[in-house]
Amino acid sequence: MSDIIKPRVLKGFRDFLPGSEIERADLSEKLVMAFRQSGFVPIDTPVLEYAEILLGKAGGETEKQVYRFTDHGGRDVAMRFDLTVPLARFMAEHYDELELPFRRYHIAKVWRGENTQRGRYREFTQCDFDIIGVDSASADFDIVSTIVLAMKTLGVAGATVKINHRGIFNRFLSIIGAETKSADTLRIVDKLAKIGKEETGRLLEQVLGNTAKDELMEFIREDEAFGPTLERITSLAGGSNPDSDRIEQIFAMASAAGQDACLKLAPSITRGLDYYTGVVFETFLDKLPDIGSICSGGRYNNLASLYTKQDLPGVGASVGLDRLLAALDTLNHKAKPHGYTQLLVTMADSRLAPQYQAAAFLARNAGIACEVYPEARKLPLQYAYAEKKGASFALIRGIEENDRNIWLLRKLSSRTMQEYSSLEDAINAVKMG
RNA sequence: GUGGAUGUAGCUCAGUGGUAGAGUCCCAGAAUGUGGAUCUGGUUGUCGCGGGUUCGAUACCCGUCAUCCACCCCA
């Protein structure tokens with residue numbers, strides 16, 4: 001019998017050991033770099049909000065997934081399930097204190113009580129970036145170019161941003177007389193990449209009938225270059241209109257910036273969330289399309305209307321950090337070091353510990369991340385520890401070296417030893433790599 | 001939320017109605033103060049958790065928790 005409480009975490013929630021937390025922090029830092037380079041500034045909002053704020057516009061599905069409870073003061077509260085709805089509240093509350101257009105990024109955890117799968121958790125981190133207060137092609141493209149920059153900064157090769165415009169899609173649905181079945185149709189079309197053409201066609205036929213199905217299948221084809229695809233869907237949607245002009249302008253910017261290769265017009269991308277009103281986009285890894293979109297978003301011109309009469313159009317996107325991490329793990333499963341240490345000062349003999357600590361101080365002052373092994377164990381063990389912590393070098397001085405007044409520097413990767421008559425020289429060698 | 005699979009040593013996994021093994025890892029030694037070979041010895045488990053059937057359960061039954069997969073939805 002024991003009264004020890006079994007340590008465990010909730011379904012869909014996770015601990016992060018240094019190995020994966022270092023990787024997460026690394027990804028997040030790189031994203032921040034990309035956001036700042038594109039003019040975005042950080043904000044934060046509370047984890048808990050009044051339930052009416054978060055659920056004001058939520059559909060039935062979202063509502064079911066939200067963590068919601070009554071707090072100690074009897075308030076009906078909920079944990080944020082994304083960062084966009086809190087942003088809407090934030091903008092409505094503070095728009096007169098902010099410079100518009102307002103570009104913000106927000107990296108934070110969100111919670112959804114849905115079932116788990118690989119890369120899908122109940123607690124996960126979103127990295128949102130939005131431009132609020134303007135409705136223009138340039139703002140739309142800024143989001144796309146920030147996605148592209150972010151992927152580049154992360155060193156992710158082969159990411160494609162798929163873009164579409166809900167307006168064009170809705171015009172087309174009116175023409176084929178399917179506007180009343182818009183919700184069902186959007187949901188089926190959104191699954192094209194996952195279930196394939198045949199199955200999509202079969203499902204659409206049930207909803208729309210055969211003729212409309214064929215027209216729709218023609219509309220959502222995406223096996224051409226940007227220009228011809230745009231021409232096709234524009235004419236199917238009844239000819240040139242402001243929405244197709246918008247897409248055209250965005251593509252012109254992508255071409256001018258030399259980024260048109262990773263931008264694809266995909267008429268089947270619609271996004272499930274009903275607050276999108278303009279362009280929508282999703283980002284896929286060419287090598288790993290199955291994991292789904294790792295960065296999605298779009299334009300929402302009415303988002304803050306729940307909380308203010310101010311007109312606050314916006315456009316933005318969100319990187320799923322955990323999904324991206326799961327993807328990167330699958331792509332390159334090399335073991336990453338579990339630390340930041342560059343140099344390990346080994347403890348060859350505990351009597352010389354003062355010297356080791358002094359050496360560590362010197363190394364840190366020289367800008368080297370450094371630690372002293374805290375007990376005198378066998379050196380091979382200390383080398384292995386050093387490598388696990390990511391160190392490239394080990395500094396050694398035993399009694400014999402002490403008598404000769406030298407330091408030994410071991411390069412761990414090549415397992416070679418070098419003698420130095422002064423500590424400064426050894427530390428310099430570490431700095432040089 | 002619904003359906004399916006899984007849960008045994010730090011890790012990868014065997015196994016059986018009579019309270020457990022292999023490989024690897026780890027530790028000690030051969031070997032002397034400097035890790036990639038070899039050899040010797042050794043440690044490790046409430047067999048996910050709770051209940052039931054049984055003389056006896058890790059194994060059979062029920063429940064529960066967690067993971068993975070599909071649906072749903074999405075990051």
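Lettering follows sequence order; numbering is per chain, from 1. Heavy atoms only: backbone and side chains are in, while hydrogens, waters and symmetry mates are out.
Annotation: side chain to side chain donor-acceptor pair (under 3.5 Å) contacts of A/Q126 (sequence neighbours excluded): none.
Distance CZ (A/F81) to P (B/C74): 11 Å, rounded to an integer number of Å. We find that NE2 of A/H106 is positioned 16 Å from P of B/A75, with the value rounded to whole Å. Taking atom CZ of residue A/R24 and atom P of nucleotide B/A75, one finds them 18 Å apart after rounding to whole Å. To the nearest angstrom, C1' of B/A66 lies 11 Å from CZ of A/R122. Between A/M347 atom CE and B/U34 atom C1' the separation is 16 Å, expressed in whole Å. Residue A/R112 contributes atom CZ, which lies 14 Å from atom C1' of B/C72 at whole-angstrom precision. Remark: P of B/C74 and CG of A/D82 are 12 Å apart, rounded to the nearest angstrom. At whole-Å resolution of the value, CG in A/N115 and P in B/U2 are 9 Å apart.
Remark: the A/E282 side chain and the B/A75 base include no donor-acceptor N/O pair separated by less than 3.5 Å. Judged by atom type and distance alone, A/Q382 does not reach the base of B/G35 through any side-chain donor-acceptor pair under 3.5 Å. Residue side chain A/R120 reaches the base of B/C73 through a donor-acceptor N/O pair under 3.5 Å, judged by distance alone.
Between A/E49 and A/R80 there is no salt bridge, since no side-chain N of the basic residue sits under 4.0 Å from a carboxylate O of the acidic one. Comment: A/R24 engages A/D322 in a salt bridge, judged by a side-chain N to carboxylate O separation of less than 4.0 angstrom. The existence of a salt bridge linking A/E282 and A/K162 is excluded, since no basic side-chain nitrogen approaches an acidic carboxylate oxygen closer than 4.0 Å. A salt bridge links A/D135 with A/R246; the closest basic N to acidic carboxylate O contact falls under 4.0 Å.
On the C1' atoms, B/U40 is 48 Å away from B/G52, given to the nearest whole Å. Using P as the reference atom, B/G10 and B/C25 are 16 Å apart when rounded to the nearest Å. Comparing the C1' positions of B/G1 and B/C47 gives an interatomic distance of 32 Å, to the nearest angstrom. Spacing of C1' atoms, B/C69 relative to B/C27, comes out at 40 Å, to the nearest Å. B/U12 and B/C72 are spaced 31 Å apart, taking the P atom of each and rounding to whole Å. Look at the C1' atom in both B/G23 and B/C55: the space between them is 37 Å, to the nearest Å. Taking the C1' atoms as reference points, B/U46 lies 14 Å from B/A57, given to the whole Å. Atom P of B/G21 sits at a distance of 34 Å from the matching atom of B/U64, rounded to the whole Å.
For A/S293, no side-chain nitrogen or oxygen approaches OP1 or OP2 of B/C74 to under 4.0 Å.
Distance from the side chain of A/K378 is smallest to B/A28 among B/C27, B/G35, B/A28. In this structure, the nucleotide among B/A75, B/G35, B/U34 sitting nearest to the side chain of A/S296 is B/A75. Comparing B/G33, B/U67, B/G35 by their closest approach to the side chain of A/Y383 singles out B/G35. Closest to the side chain of A/E400, from the set B/C27, B/G33, B/A66, is B/G33. Among the nucleotides B/U34, B/U67, B/C72, the one closest to any side-chain atom of A/M417 is B/U34. Checking B/C73, B/G35, B/A66 against the side-chain heavy atoms of A/Q65 singles out B/C73 as nearest. With B/G35, B/C71, B/A75 as the candidates, the nucleotide lying closest to the side chain of A/Q126 is B/A75. Distances from the side chain of A/L408 to the nucleotides B/C65, B/A70, B/U34 place B/U34 closest. In the set B/C74, B/A70, B/G35, B/C74 carries the atom at the smallest distance from any side-chain atom of A/R323. The side chain of A/R377 has B/C27 as its nearest neighbour among B/C27, B/G33, B/G35.
Ring centers of A/Y105 and A/F35: under 6.0 Å apart, within the cut-off. With ring centers used as reference points, A/F169 lies 6.0 Å or more from A/H165.
Both A/D322 and A/V9 lie close to RNA chain B; mapped to their nearest nucleotides by heavy-atom distance, the more 5′-ward contact belongs to A/V9. Position along RNA chain B of the nearest nucleotide to A/F124 versus A/K411 favours A/K411 as the more 5'-ward residue.
Among the atoms of the strands shown, only primed sugar atoms or phosphate atoms (P, OP1, OP2) are found under 4.0 Å from some heavy atom of A/T116. At a threshold of 4.0 angstrom between heavy atoms, the contacts of A/I399 include nucleobase atoms, whether or not backbone atoms are also involved. A/G12 comes within contact range of the sugar-phosphate backbone alone, with a heavy-atom separation under 4.0 Å but no base atom that close. As judged by a 4.0 angstrom heavy-atom cut-off over every strand, A/E123 is placed among residues making no nucleic acid contact. Looking at heavy-atom distances under 4.0 Å, A/R415 makes contact with a base. Using a 4.0 Å heavy-atom criterion, one finds that A/L412 contacts the bases of the nucleic acid, with or without backbone contacts as well.
A perpendicular orientation is assigned to the rings of A/F13 and A/Y67, their planes being inclined by more than 60° (bins at 30° and 60°). Classified by interplanar angle (parallel below 30°, tilted 30° to 60°, perpendicular above 60°), the ring pair A/Y385/A/Y373 is perpendicular.
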Dot-bracket summary - RNA chain B, pairs being Watson-Crick or G-U whose distances fall under 3.5 Å, with | when paired to another strand: (((((((..((((....[..)))).(((((.......))))).....(((((..]....))))))))))))....

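Counting only N and O atoms by type, the side chains of A/N164 and A/S268 include no donor and acceptor under 3.5 Å apart.
Side-chain atoms of A/R103 come within 3.5 Å of backbone atoms of A/S38 as a donor-acceptor pair (strictly under, hydrogens ignored).
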